[in-house]
Each structure stands twice: as C-alpha cells, then as structure tokens.
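Every value quoted in this text rests on a predicted model; they were computed, and no experiment measured them. Side-chain atoms are counted along with the backbone in the values below, which use heavy atoms only and exclude waters and symmetry mates.
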Amino acid sequence: MSNSHFRPRLVLRFGVTGHRPPRLHYDHHEVIKAQCVQLFSIAQGALKTLQPHHADVVSPEEPIVKLVSSLAEGADVLAAEAALESGSRLSVCLPFDEKTYANDFGEAEWQRTKSLLERADTATSLADYPGGHEAGYEMAGRLVLSQSDILIAVWDGEAARGRGGTTQVIAEAVALHMPVIHIDATGKSEPELLWSGLHEAVPDRPSLDGVERAPAAKALPELVRALCAPPTGEDLKDLLAFVQPKSRVEKRNFGWPLLLAFTGAKKWSKLQFRAAGPEESASWLKPHTEPFEEHGRYGERLNGQLLDRFGRADSRANQFALRFRSSFVTNFALAGLAVFLALAGLLFPEIKKLLISMELLVIVLIIANTHKANRHNLHQCWLDRRHLAERLRLLAMSSTLGRLSLRDVEDGTTQPGWVSWYARASARELGLPKAHFDPAYLKKIRDAMVNLIDEQVAYHRGNAHAMAHANHRLHHAGDYLFIGTIIACVAYLAVSFATGKPGSILGVGMTELVTFCTALFPALAAALYGIRMQGDFAATGERSTVIARQLEQLRHALLADPLRYERLAERSRRLGEVMLAEVQQWRLHYETRPLSLPG
C-alpha cells in the first residue's frame, strides 16, 4: 500500500454559534457575513502556505477548510453562506430531523436553510428531543464543539437567555481550550480571538471573562499553524518513521515468547516469534467499523484510511513490544550465562581460558543488545504506537456519535506530540457521519461498543491470567534456587563435620562444586527477579483485572441505559478513559525503568 495513504490531509474545522433575529439585527448581516468570508479566506491561505513545508508528512491533496453548522436562522446561516462563497465546505448538524426542524422556521427562512442543506457535504440530525426543545439545541451545540478546531461566535457580549444559548456554548468552548473567534453581533468592532493559548502560562480551566484576546485577522494564521502544523524535532522524526517506514523484514524475536512458554503462561503450539502484520491487525477492528460503511464519505474513510492507519499502528506497537521485551529477557538470560561461565572455571580449570573468552563474548553481547535497544528507543516506540493505536480504535467508536474531540486537552494547548497530532489529523478527515441519530442508529452504535468491550474484556482476562501465571512461576523458580543454595550449604557443612573433609563427587571437589552452586543459584534467582520487575508481571496482571472489571461495569451500564444520544456519548467518553489509562500506566512504568545493563 502506498505511504501517501498514511499522510493526513490538511483539514481545519470551524464551528459556529450565534444569535438569531431579532437579537441579531438584519442591518448587521452583511457585515457579519463579510467578516466570516475574510476569516475563511485567511484560514485557507494559511493551510496552503503550510502544505509545501510539510510535504513529507501531509497529503498532497488540496487542504480543506470546513464549517460545521446547525443552520439555525441568523448566525448559523450567515456563516454557512460565507463558507460556501469562500470555497470552504459545509457539514450540517441539525438538532432535530429535517421535517421537525422546518417547523422552527418561516417558509422563506426554511427555503434559505434548505438550499444550504442541499449543498452540504454531509448532514447529521439528532432525534432525542421534540422540535423546538432547548435541550436539542444544547446537544447540537455540543456536537458542533466536538467537531470543531475553532468556534466562530456571533455574539453581542450579553448574558445567556436560555439553555444551550450562544453565551453558554462560548463559555464551554473557552473552558475546553478551544479558540473562539468573537464576531460582534452589533457590528461595532472587528473580530477578536479568545484563546487560552495566548496566555503566557496556560490556565487549567480558563473562564470567558478571564481569557486573553487578540485581533482575529492578525492572529489567525499563527493559530492555524499551531493547530495543524506537524510537530518538530524528535517528534517529527517519529512521525516520519510512522508515515514513511523503512521497508524491512521483521526478524523473529525469541526471548519473550520462550519465557511465556517456559512459565506456562502460553502454550508452545501458540507461540509467535513475529507480531501480526498491519492487514491482520486491521482485520481485528473491521467487525466494529463495517456496520457504518453505508454512512456516506464518513463510512468510506472509517473503513478505509482509518482502518489502515490503525492496522499499521497496532502492528508496529506489537512488533516494538516484542522486540523490547525480548531484549530485556535476553539480557538477563545472558547475564545468568555469564555467571555460569565465570564459575565453571572452578569445575573445569583446564579450560578456564576458553570459559573466560566465552564469558567475555557474552558480556559484549549484553552490551550490544542493550545499546541496540536504547539506540532504537524500543520502549518509547512501542508505547507511542500503542497510544496511537488505542486513540484510533477509540476514534472509530466515538466518531460514529460525531465526537471528534479535537480539543480534548490531555496535552494542554501547547504543540501536541506526534501521536496526538496524527490522531487529531485523522479525526479531522473523518468528520460527521451521514446519519439520523434515531433509535436504530443508536442501537447500531451501542452494539458496536458492546462488541468492542466484550473483545477487550476477553483480552484482559486472558492477559491477567497469563501474567499472574508467569509471575507465580518466576517467583517460585527464584525461591527454589535459594532453597537449592541452602541445601548445598547445609550438605557441605554436614559432610565436612561428619568426615573432616568435603571429598569429591564424580571427580569434582565438593568445595568447588558447592562454591559453584551457592554463587550461581542466587545469581540466577536475581536474574529471574530482574525479569519479573522489568516485565512488571504482577502489576500488569492487576491492571488487566481492574480494566476488565471496569469494562464489564460499563457494559452493564450501556445495556441498562435508555437508548439516547447523550447517554451513549457519556459512555463513549468513559470507554476512552478506561482504555487509555493502561497506556499511561505502561508509560509511567517504563519511563522509570528503561532498559539497562543487568546489575
């Protein structure tokens, strides 16, 4: 498959909220519309300027500026018309089905809205509330926020006059660290940018009355760069390695699979010395995305590029995990072998030079293995790609609800790392599903979420059992080695006191044999302990047990909930929290215990 498939297209998504007539006076419509046209044009120019500078990681396709609008009379319609006039694209999110929504308009106003709806790339509508209900507008407003990088707010600066109103939506956007471009609904001032990223020190949860402001037309190009430009430095190198990987045949890695087999954590017949390829990894997610193929361009992208990107991320994460884990198992195994060779000279003094030469070779292999693993940064590569794979897996589920969460702030508002940049760029390309969020569609989403949860529960139950089993076997093996040391010491003392001299066994002096055993056994026990600590078997098993339990509780809640959009969105958010928590815990563990020489 061409690597261009993995280079995201530059897309910037605007949302809009604002007043309706008569609060938005007709005299100001043309000024507001002209200001919107100017903003979209500036954004398009900024994206086109960015593209040639990042041609190695972004798609050569023409950049897209897109507006997400509910097409309510007033600000929504003006912004939508401005977007289309400026050459931008339009996506529509209606708070009710089209027929019901039409009842909120006069005939002439609805014809204007309907003409925009027909020109939109895609349209989504909610179905939980009766026509005109404030909660429907509130939910549509939140969906617009979730779909947007930047919110255009046509606002007169006064307090909210109803649930889900303009002021409430703006306040929520600012608190989410989303840039808001305030267009004065009275037409008296130029648009200005409200954004926590303008602060010298980014506040934890900014407020509407305390957020920094700047002239929008002047600040917009830099804002577009901050949101859409690929990362720099080491992050850029990692991003390039993902979108344009070097062609190589993945070598077999034996350390980790053999350890699991020897401890009984995995059957010998099921051992795999190579990770699954991208196509196989993608096939694991496909049953969860396939039901949404029919939902317009969204369905095509979901089952095309997103599935392929997940497959590459998941496959590469598994490959790096296998290489990293095999590296530390190999290190400790070789360390045990080095001790054996050093002590074997006591038993076979006639070949001591050969044994020392072999020991030296083993030590060189340990150093080379450690250097290679650290040079390739195996643990960081594994965790980054695992993080990306889980972000894309969760995006496949949350995007069916229209939740792209482009400004969720696990990274704050600073330049995101390559994983977050790539996940967000992929989300921008997906956009809105072409769907009416009625009970049939919501049931399809719930079924997909339940199936994913069942799959993850089975994995974590199996993983918890395997890790606990391996930890138990390694722990007991270390105990037996120490018991063997005690037995050797007691036997030596008993023979010495009983006979006056230790004697020999099979021509080998008992003193040398006991010295060999009492030095080797604790060294091997220490190597096994090192494997247990580096592999984090006990904590990994515990985490998988906890995650499986949390997912089962979530599954029960999903099935018990009424089939409503708001409930499903909340459960989707919780699913993301549970599944991403494991990656963060792995990262914390391996950042404090990088691969080093055994000692």
Side-chain angles (χ1 to χ4, degrees), residues 8-9 11-16 61 64-72 76-77 79-80 83-84 88-102 110 113-129 131 136-137 139-149 285-308 392 394-406 426-449 563-566 568-569 572:
R9 188 175 191 174
V11 179
L12 183 69
R13 304 179 67 84
F14 284 90
V16 61
E61 297 173 280
I64 295 173
V65 171
K66 180 164 286 193
L67 174 72
V68 184
S69 171
S70 292
L71 295 185
D76 285 13
V77 166
L84 294 173
S88 299
R89 299 187 184 181
L90 176 65
S91 289
V92 174
C93 171
L94 303 180
F96 320 105
D97 67 79
E98 184 178 334
K99 185 176 180 180
T100 302
Y101 196 37
W110 175 246
T113 293
K114 187 173 176 60
S115 69
L116 290 169
L117 187 58
E118 290 170 350
R119 297 172 65 188
D121 281 357
T122 189
T124 293
S125 57
L126 303 176
D128 282 351
Y129 301 98
Y137 288 104
M139 194 56 57
R142 288 180 176 167
L143 187 49
V144 167
L145 286 185
S146 183
Q147 282 278 318
S148 306
D149 292 292
L285 185 61
K286 188 168 180 60
H288 308 303
T289 62
E290 205 167 25
F292 302 94
E293 276 185 325
E294 64 193 55
H295 294 281
R297 294 179 185 176
Y298 164 84
E300 295 172 7
R301 296 187 188 107
L302 179 66
N303 286 278
Q305 62 193 31
L306 187 77
L307 205 59
D308 292 334
L392 296 179
L394 291 167
L395 176 61
M397 290 293 96
S398 66
S399 65
T400 62
L401 289 160
R403 292 183 61 251
L404 300 184
S405 304
L406 297 174
S426 297
R428 290 182 182 112
E429 289 179 284
L430 273 181
L432 274 169
K434 183 180 180 181
H436 178 50
F437 286 7
D438 59 7
Y441 181 73
L442 295 180
K443 182 179 184 302
K444 184 158 61 172
I445 296 174
R446 184 177 67 181
D447 290 346
M449 289 174 63
L563 203 55
R564 298 179 66 84
Y565 174 84
E566 188 173 8
L568 272 181
S572 172

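- No side-chain donor-acceptor contact under 3.5 Å links Thr124 to the backbone of Cys93.
- Within a 6.0 Å sphere centred on NZ of Lys286, heavy atoms belonging to other residues, nucleotides or ligands number more than 12.
- Smallest separation of non-hydrogen atoms from His295 and Ala435: ND1-CB, 3.7 Å.
- A 6.0 Å sphere centred on NZ of Lys444 holds more than 12 heavy atoms belonging to other residues, nucleotides or ligands.
- The shortest heavy-atom contact between Leu430 and Leu302 is CD2-N, 3.7 Å.
- Between Leu432 and Tyr298 the shortest side-chain heavy-atom distance does not fall below 4.5 Å.
- Side-chain contact annotation: Asn303 with Thr289, donor-acceptor N/O pair under 3.5 Å present.
- To the nearest 0.5 angstrom, Asp308 atom CG is 11.0 Å from Ser426 atom OG.
- The shortest distance between side-chain heavy atoms of Ser125 and Glu98 does not fall below 4.5 Å.
- Side-chain N or O atoms of Ser146 include one that pairs as donor or acceptor with a backbone N or O of Leu404 at under 3.5 Å.
- Aromatic ring orientation, Phe437 versus Tyr441: parallel (interplanar angle below 30°, classes split at 30° and 60°).
- Atom CG of Leu116 and atom CG of Leu84 lie 6.5 Å apart (nearest 0.5 Å).
- Contact detail for Leu406 and Ala427: the closest heavy-atom pair is CD2-CB, 3.8 Å.
- Taking 4.5 Å as the limit, some side-chain heavy atom of Leu126 sits within range of a side-chain heavy atom of Leu143.
- Residues Arg9 and Glu61 approach most closely at NE-CB, 3.5 Å, considering heavy atoms.
- Here the straight-line distance linking atom OG of Ser70 with atom OH of Tyr137 works out to 9.0 Å at 0.5 Å rounding.
- Of the possible polar contacts, one joining the Arg13 side chain to the Gln147 backbone as a donor-acceptor pair under 3.5 Å is found.
- Put simply, CG on Asp121 and OG on Ser91 are 5.5 Å apart, with the number rounded to the nearest 0.5 Å.
- Taken to the nearest 0.5 Å, the OG atom of Ser398 stands 12.0 Å off from the CG atom of Leu568.
- Leu90 has its side chain out of reach of Arg119: every pair of non-hydrogen atoms, C-beta onward, lies at least 4.5 Å apart.
- Here the shortest heavy-atom pairing between Ser572 and Arg403 reads OG-NH1, 3.2 Å.
- Listed for the Tyr565 side chain is no donor-acceptor partner under 3.5 Å among the backbone atoms of Leu442.
- Ion pairing between a basic and an acidic side chain is recognised when a charged N comes within 4.0 Å of a carboxylate O; Glu429 and Arg301 show no such pairing.
- In this structure, CZ on Arg564 lies 5.0 Å from OH on Tyr129, to the nearest 0.5 angstrom.
- Between Val144 and Val16, the closest side-chain pair of non-hydrogen atoms is not below 4.5 Å.
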